[in-house]
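Down below is the structure, laid out as structure tokens.
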Amino acid sequence: NAGVTQTPKFQVLKTGQSMTLQCAQDMNHNSMYWYRQDPGMGLRLIYYSASEGTTDKGEVPNGYNVSRLNKREFSLRLESAAPSQTSVYFCASSDSGLSNQPQHFGDGTRLSIL
Amino acid sequence: LAKTTQPISMDSYEGQEVNITCSHNNIATNDYITWYQQFPSQGPRFIIQGYKTKVTNEVASLFIPADRKSSTLSLPRVSLSDTAVYYCLVGDFTGTASKLTFGTGTRLQVTL
């Protein structure tokens with residue numbers, strides 16, 4: 001049972017390049033999340049998907065787009081990468097967005113933009 | 001939205017009990033309180049969750065007073081492997097709660 005799987009684990013981009021971060025969960029969860037974590041800081045929510053076919057902006061959505069491809073997969077796209085988007089990106093899932101449903105996290109994608 | 005406040009860092013010796021308090025003054029009636037642990041280069045991991053009074057599992061206890069405006073994560077007899085960042089999270093990911101944040105967490109350093 002893999003839980004939440006993120007690909008790739010590491011990536012280096014040049015400014016202006018585009019990239020899609022992939023996330024898949026095998027726990028049959030309805031809700032999925034994308035966070036970014038900058039050095040010494042907590043996690044900030046980029047986008048949230050309550051269920052298949054729905055997405056909502058989080059705290060820091062600018063510069064990102066998401067796609068909830070199906071119940072298992074939730075991708076994050078950077079259309080034109082900027083150095084300020086250098087960060088560690090975490091995907092998570094939970095049974096619902098209610099506070100009594102803990103989130104399960106992947107191990108992250110470390111993204112550097114030069 | 002229930003914003004949380006935690007100490008930035010704490011230090012402890014191995015074998016001691018550690019208590020980390022989180023303040024959440026505007027917690028909503030239906031909100032649960034959840035604590036996560038994060039090691040370097042890993043995603044956060046669920047530790048414990050509660051609604052009121054006391055909850056205990058195999059790794060921690062969670063104390064929540066009657067007014068629910070704060071909560072305390074208690075780690076009994078910590079070891080070096082408990083060195084990590086601990087986050088408390090309060091609130092639902094629905095509608096206007098989309099800006100819910102983990103905050104900066106509490107960095108616990110355990111030494112011999």
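Labels below follow one simple rule: chain letters A, B, ... track the order of the sequence lines, proteins then strands, and each chain is numbered from 1.
- Residues of residues 106-114 of chain A that come closer than 4.5 Å to chain B, counting heavy atoms only, are A:Gly106, A:Asp107, A:Arg110, ordered by residue number.
- The salt bridge (Lys or Arg N to Asp or Glu O under 4.0 Å) check on B:Asp11 picks up nothing, with sequence neighbours excluded.
- With hydrophobic clusters built from ILVMFWY side chains whose heavy atoms lie under 4.5 angstrom apart, A:Leu76 shares a cluster with A:Met32.
- In the hydrophobic cluster analysis, where Ile, Leu, Val, Met, Phe, Trp and Tyr join through side-chain heavy atoms closer than 4.5 angstrom, A:Leu78 is grouped together with A:Val60.
- Using a 4.5 Å cut-off between heavy atoms, B:Thr34 contacts chain A through its side chain alone, with no backbone atom that close.
- B:Ile48 and B:Ile27 fall within the same hydrophobic cluster, where Ile, Leu, Val, Met, Phe, Trp and Tyr residues are linked whenever their side-chain heavy atoms come under 4.5 Å apart, directly or through other members.
- A:Tyr35 and A:Tyr48 fall within a single hydrophobic cluster, where Ile, Leu, Val, Met, Phe, Trp and Tyr side chains are chained together by heavy-atom contacts under 4.5 Å.
- Closest approach of B:Tyr36 to A:Gln103, counting heavy atoms only: OH-N, 2.9 Å.
- In the hydrophobic clustering of this structure, A:Leu45 groups with B:Leu89; members are Ile, Leu, Val, Met, Phe, Trp, Tyr whose side-chain heavy atoms approach within less than 4.5 Å, directly or through other members.
- In terms of the side chain to side chain donor-acceptor pair (under 3.5 Å) criterion, residue partners of A:Thr20 (sequence neighbours excluded) are, by chain and number, A:Arg77.
- The contact list for residues 56-71 of chain B toward chain A, using heavy atoms and a distance under 4.5 Å, is empty.
- In this structure, chain B has a heavy atom under 4.5 Å from the side chain of A:Tyr33, while its backbone stays farther away.
- If you tally non-hydrogen atom pairs under 4.5 Å between each of A:Asn100, A:Val88, A:Val4 and chain B, the highest count goes to A:Asn100.
- Here the CG atom belonging to A:Leu43 is positioned 11.0 Å from the OG1 atom belonging to B:Thr104, to the nearest 0.5 angstrom.
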